[in-house]
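The structure under discussion appears below in the form of structure tokens.
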Amino acid sequence: MSQNAFDKAKELLEEIKNFIISNEEELESFRKKFVGSKNIIKPLFSEIKNIPNEQKREFGQFLNQLKQEAESKFNIEKEKIEDQTSSAKSDDIDLTKPADPIRLGARHPISIVNNRIIEIFEKLGFTVAEDREIEDDWHNFTAMNTPEDHPARDMQDTFYLKDSVERLLRTHTSSVQSRVMTSTKPPIRIIAPGRVYRNETISARSHAQFHQVEGLYIDEGVSFADLKQTLLYFAQEMYGKDTKIRLRPSYFPFTEPSAEMDVYWGLNDEIDYRITKGTGWLEILGCGMVDPNVLENCGIDSEKYTGFAFGMGIERQAMLLHRIDDIRAFFENDIRFLEQFKSVF
Ligand code: PHE
């Protein structure tokens with residue numbers, strides 16, 4: 001009997017090793033026979049009492065080994081079969097089905113043009129300076145050589161904060177000039193992009209809020225020739241290598257001399273006649289040499305330093321580049337309008 005039990009156990013080990021499991025049914029019959037609660041190995045443990053004492057230990061160890069062998073084979077084969085069935089399931093995916101559309105966002109056309117302007121001036125060594133939209137009267141006007149009762153204040157109708165004559169929504173990014181000049185020593189070479197506000201009637205051509213980029217360069221020996229060359233470089237980067245510019249004398253309280261810059265837009269079709277009023281030339285910015293009064297107001301020695309400044313509207317450039325004929329489109333956030341700029345960033 002005892003020898004029988006040992007032989008039986010050895011046979012089982014062989015059987016376990018040779019058992020072929022290739023599908024779920026075979027796995028289940030293996031489980032029932034060798035691992036389940038009524039498995040075939042169990043009864044052999046009750047044979048231990050019939051084994052001669054000197055063999056008990058060896059037999060017991062063999063049965064444990066048998067049990068472990070069965071369990072580990074079961075676990076390994078079970079995992080293999082599970083893997084097979086899950087990869088079979090992924091084969092069911094229909095790769096010819098159209099994908100769910102991904103809705104791509106787009107940059108706002110103002111951001112696109114703004115970033116382009118920044119990129120161009122950064123190549124010339126200008127760095128971006130940003131400041132507040134709610135300004136005080138001094139930084140927006142007085143420091144910029146436009147004291148109270150100066151007629152030039154009428155050029156820029158102003159939104160004042162409720163019950164205040166001191167605090168206002170900045171009317172131009174030139175306010176950043178006075179902010180930077182009072183807090184930094186020359187050389188100064190900045191561009192200041194940002195939103196500005198004017199109390200104007202909203203129409204296709206003007207809005208009460210819009211965006212400007214200001215430029216300021218102050219150092220020893222900065223001349224009008226430097227200004228002209230910088231603006232020519234900008235215009236040709238922005239509008240193409242052959243772009244021509246012209247400077248027309250103008251007036252701003254904070255620059256002397258002052259000018260406005262036009263780019264030659266051409267007269268190729270009817271729209272060109274309309275936007276350039278039949279001249280082919282289009283005004284895109286105001287500029288000039290920083291007035292010595294402005295330098296002194298901001299604590300910069302006007303005997304030692306000179307500088308130039310310019311300011312341009314971003315909407316106007318975006319309208320030109322993308323042939324948009326109504327400024328209000330930028331602020332309506334109509335998704336059909338904005339989606340057209342998807343490919344441009
Ligand atoms: N601040 C002026 C405007 O808003 C533009 C400007 C800036 C002109 C700097 C000259 C120098 O119209």
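The first residue in the sequence is number 1, and the count goes up from there. First listed ligand is number 1; within each ligand, the first listed atom is number 1.
- Contacts with ligand 1 closer than 4.0 Å are made by backbone heavy atoms (N, CA, C, O) of F310 only, the side chain lying farther away.
- In terms of polar-atom proximity, Q212 is counted as a contact of ligand 1, with an N or O under 3.5 Å from an N or O of the ligand.
- Looking at M312, E260, R198 and measuring to atom 3 (C) of ligand 1, the nearest heavy atom belongs to R198.
- The shortest N or O to N or O distance between S174 and ligand 1 is under 3.5 Å.
- With T171 as the partner, the side-chain hydrogen bond (donor to acceptor under 3.5 Å, both in side chains) test is satisfied by one option alone out of D157, N140, T158: N140.
- A salt bridge links K33 with E15: the closest approach of a Lys/Arg side-chain nitrogen to an acidic carboxylate oxygen falls below 4.0 angstrom.
- Considering backbone and side-chain N/O atoms, H172 comes within less than 3.5 Å of an N/O atom of ligand 1.
- Residue-level proximity to ligand 1 for C287 is carried by the backbone, the only part with a heavy atom below 4.0 angstrom.
- Within the 4.0 Å heavy-atom criterion, neither part of M144 lies near ligand 1.
- If you check the side chains of E166 and Y160, you find no donor sitting under 3.5 Å from an acceptor.
- When the heavy atoms of A309, G313, G311, S250 are ranked by distance to atom 7 (C) of ligand 1, first place goes to G311.
- Residues H322 and F341 bring their aromatic ring centres within 6.0 Å.
- When hydrophobic clusters are built by joining Ile, Leu, Val, Met, Phe, Trp and Tyr residues whose side-chain heavy atoms come closer than 4.5 Å, directly or via intermediates, L282 is grouped together with L231.
- In this structure, K10 forms a cation-pi arrangement with F6, its terminal cationic atom sitting closer than 6.0 Å to the ring centre and no more than 45° off the ring axis.
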